[in-house]
Structures are given as C-alpha cells and as structure tokens.
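Step one of this worksheet: look at the structure below.
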Number of protein chains: 2
Amino acid sequence: MKHNKDSTMYIMPFDPKLDAAPAPQLPVRELILHAACQVFAHEGYAAATVSGIAAKAGLPKPNVLYYFKSKDKLYAQVLESIAAPYMDACLCLRAGDEPVEALTRTVLAMVRLFERQPFASKVFMVELKEGATRLPPAYAERWSTRVRDSVDCLRHWVDRGLLASMDPEHLLLSIWAIAQSCISLGWQVPALRGRDQLEAVDYAAATQTATRLLLQGLLPAPADIRRKRA
Amino acid sequence: MKHNKDSTMYIMPFDPKLDAAPAPQLPVRELILHAACQVFAHEGYAAATVSGIAAKAGLPKPNVLYYFKSKDKLYAQVLESIAAPYMDACLCLRAGDEPVEALTRTVLAMVRLFERQPFASKVFMVELKEGATRLPPAYAERWSTRVRDSVDCLRHWVDRGLLASMDPEHLLLSIWAIAQSCISLGWQVPALRGRDQLEAVDYAAATQTATRLLLQGLLPAPADIRRKRA
DNA sequence: GTCTATACGACGATAGAC
DNA sequence: GTCTATCGTCGTATAGAC
C-alpha cells in the first residue's frame, strides 16, 4: 500500500459526517468506491472519468481498474454498495400503516439519508430518474416489486378515502421529488442563492417543509377555505 | 441542400405536435437545432455526441460544426432557442396576484409546455437542476432576477398569511418538482410501469394532480381533520 | 454550402516490470 | 498488489476538395 501522490486528497469529504466512515485507513477497495461515489455525484456517469476517480482517491489510474474491471462495473458496484438504505427509505409504505404516520416516516427517512450520505444520495436519485437501468439485476427486480407494493399501498389508501383521489404512481414520484427538492438547494440551482454557496442545509427544516407540503396536499380536503386577499 | 442519407430520420418526432413545427422543409440551422434538442434530451449533454446529432438530422458530422462552431456552443444555442417560454411558465408569480390563481396558472403553463415540447422541456429542466450554468449570460441574468422576484413574491404571500409558513426557496423548487413529476412517467422510471412503455401521458390529469397536490399543501391549514382508519 | 479525409486529444483498458 | 508505459477507440474539431 503505497500510492497517494497527493496526501491532501487522501480522503476528502466536505464534512466528517458525510457519506461512509472517513476512517483514516480504509481498505483500498472501499477507498475507491468512496472516491467514485463523490465523482459520480458531481459529474454524472457519462462525464465522470476513471482518471478523475483515481485522482480523487490518490491512486494511479490502473489501480482503479485492477479492483473493478471497468468504469461500468465500478459504477454498478457503487450503486450496489449504497442501494439498500434507499430501498428502506423510499419504499417503506405498507397497506396496514396509518397514512400520515407512514408518509411522515418516509420523508424523515429520506431526508436523514440525504443528510448522512449526500453524495450517495445524489448518485442514487439521479439513477432513479434515469430509470434505474444500471442497477444490478438482482436489486432492480427487488426495487421494481417494492415499487409496485408501494403504489398498491397508495392506491389502497386512495380507494379507502384516506388520501385524496390521485394517480398513485404520480404520487410516489411526487413524494420523492418533494423530499429531494427540499434539500437540493445545496447541490443545485446556484441561481437561487449566491454563486456556489454550498451552505449547510437545515435538514430539520427541510423535513418539516416537505412533510407539511406533502401531507396537507395528500389528506382529503376538509373544508375548502380560500382566504381572499384583503 | 443535398445531404439526407437516410430519409427515414429526416425529422422524427414521436408525435407531429411535439416540439417545434415538423415542417417537411426546414432551414438547415433549425433542422440541426431540432435534432440536437432531441439528442440532448435523450442522452444528456455529456453523453450526447456531435455524430449522433448529425445522424439524427441526416447530415454528415462536419455540417453540424459548420453552423455551430462547437458542441458547447450548439448546446448553448439550443438552450437559447427554447429558454423564453420557460421564463414565462416557471416564473410568472407576481406579488399582486391572487395566490391560488397564480399557482394554478403556473402549473398549467408548465404542463402545457411539457406537452407541446417534451424534448425541449427535458433539456431545460435538466439544465435547471444542474444550476443553469450553461445558459448564455444574458439569459442567466434575467433568469436569476426573475427567480428572485418569484421567491420574493412567495415570501410576501407567506408573510401575509396567504400561504402556509414555509421556506420560499424550497417552495419554488418544489413547485417545479411537482409539476415535473406528474408528467415524467413517460420519460423516466420504467420500473413503475412496463419496460419502455412510452405511453401517451394524460396532461389534463397531470395538471389536475399537480394542482391539487400543490394547493392543498400550500393553503393555510383550515381544520386539521385526520380521519382514522375504520 | 456540402462533404471526405484526417488531425489531435482524451478516454477506457491492457501489458508487463517491479 | 502497485504502477509506468502504451495500445486502440472514439470524441471534437479542422483542412481542403467540390
């Protein structure tokens, strides 16, 4: 174990709490996965390069391809190494649950994940939006069935009048989108705030905002009070 | 004007109504922009290639670079050629408006745009999420100021009690995200439906879903009725 | 304006010394 | 396991004939 031309980039999460444990000494394989996750998060799959990942990890390029045979497989491994928590966070609705409690729990779990693993979250959510086509088959299948379960659950709630009448598939997408949009100011849209102001996100506030926005829109309309402007 | 090796891909929108006018004879420049828009929408900026765009347009590769000097500039031109309607659709909130009416109008305008220009919409919305860094400076500045105006408008409404108490920046992002998520089943997430089922989206239903979801969550809570399960 | 041929670089991946 | 050198491919972009 030599490598490491530039000691300043040995492991460099923005915050000690961010993503995987920043243990000073990490098995090389984990080290590469960690670096790859950050690079894929920043650049996206297509724009990311093996050289860039190697540089981030402080290794020469061939070392990366020694552990993972190709860029494609490395990306798949990254996905596989992070997928599990997202299954539980994004797809934890069950027909027996109480809707408000279950949806609150979903939002909370998602935001928690975003907080602890911002890079992994970016990678996974982008992959989701692109159809999860690169998820290893085993995961993809489990993902699909659990998506169907969640959609069925939402439909069940809608049918029983526990939720407003909406298309359950759109609804599931919207839940993810809302949870994401409430924490994505840091990642995206510098037009909204100053330039490159990667300021600390208030995750507690994000959770509250997302939950509020989601629930009040999901519950059956109680009384349609529309206050007019003074 | 010769080119056009393969007449089957002269111009090939899935639907005659989709994106720019499918006029059988289009100025070459427009033809390229049209093809580029589709390719960028499908592959994203990084993965798209000049060859691919040329093929889509039925032209040899250098012709594309004759009209637009580089891939970068071509992309910028695509953005510039489509940006205007999105300024009006995404950022049409004014402090004097009635919130419910204004927000309904926003959702309607966005979904309309998605319906008429699915490719352009994909390109623009992705660019937005990446920080709009490639928008030509002139547009970027106008975009920023109008974003600030809309955020101020939302804040104004929140302060006056016309909307629930929420962070206005998150709120603006969420509005866009909800509108998008209600029409994005076609583009994304084949895991939700069958494989590659690019079925026709019901845009009227999407509008209704998004509006319903958004408004009921935005309005000040009238009475917090929570129906328990039977 | 149109198009063939090609320059040039970057990237993914491999060979093979240590 | 680690790393230097390098190969083949494909990308953007250009030269220059028609």
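Naming convention: chains lettered A, B, ... in sequence-line order (proteins, then strands); numbering from 1 in each chain.
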Pairs where residues 30-44 of chain B contributes a residue and the test salt bridge (Lys or Arg N to Asp or Glu O under 4.0 Å) is met, not counting sequence neighbours
none
Please, which pairs that meet salt bridge (Lys or Arg N to Asp or Glu O under 4.0 Å) have at least one residue in residues 79-89 of chain A, sequence neighbours excluded?
A:D88-A:R146
For A:T209, what residues pass the side-chain hydrogen bond (donor to acceptor under 3.5 Å, both in side chains) criterion, not counting sequence neighbours?
none
Listed once per pair and sorted, the ring-ring contact (aromatic ring centres under 6.0 Å, His included) pairs that draw on residues 64-90 of chain A, sequence neighbours left out
A:F40-A:Y75, A:Y45-A:Y75, A:Y86-A:F124
Between B:I32 (CD1) and C:dG1 (C1'), how many Å, whole number?
11 Å
For B:E30 and C:dG1, what is the distance between atoms CD and C1' respectively, to the nearest whole Å?
17 Å
Atom CG of A:L59 and atom P of D:dT2: how far apart are they, to the nearest Å?
7 Å
Whole-Å gap separating C1' (C:dG1) and CZ (B:F68):
14 Å
Please enumerate all residues that pass salt bridge (Lys or Arg N to Asp or Glu O under 4.0 Å) together with B:R105, with sequence neighbours excluded.
B:D97, B:E101
Between the protein and nucleotides 11-15 of chain D, which nitrogen or oxygen pairs come in under 3.5 angstrom?
residue : atom : partner : partner atom : Å
D:dT12  : OP1  : B:V50   : N            : 3.1
D:dT12  : OP2  : B:V50   : N            : 3.1
D:dA13  : OP2  : B:K71   : N            : 2.6

Residues in side-chain hydrogen bond (donor to acceptor under 3.5 Å, both in side chains) with B:T106, at least two apart?
none
For nucleotides 16-18 of chain D, tabulate all protein N/O to nucleotide N/O atom pairs closer than 3.5 Å, reporting atom names and distance.
none

Which atom names give the shortest non-hydrogen contact between A:I32 and A:I53, and what distance separates them?
O-CG2, 4.3 Å
Contact class for A:Y67 (heavy atom, under 4.0 Å): base, sugar-phosphate, or nothing?
sugar-phosphate
For A:R112, enumerate each residue passing the side-chain hydrogen bond (donor to acceptor under 3.5 Å, both in side chains) test, keeping only those at least two apart in sequence or located in another chain.
none
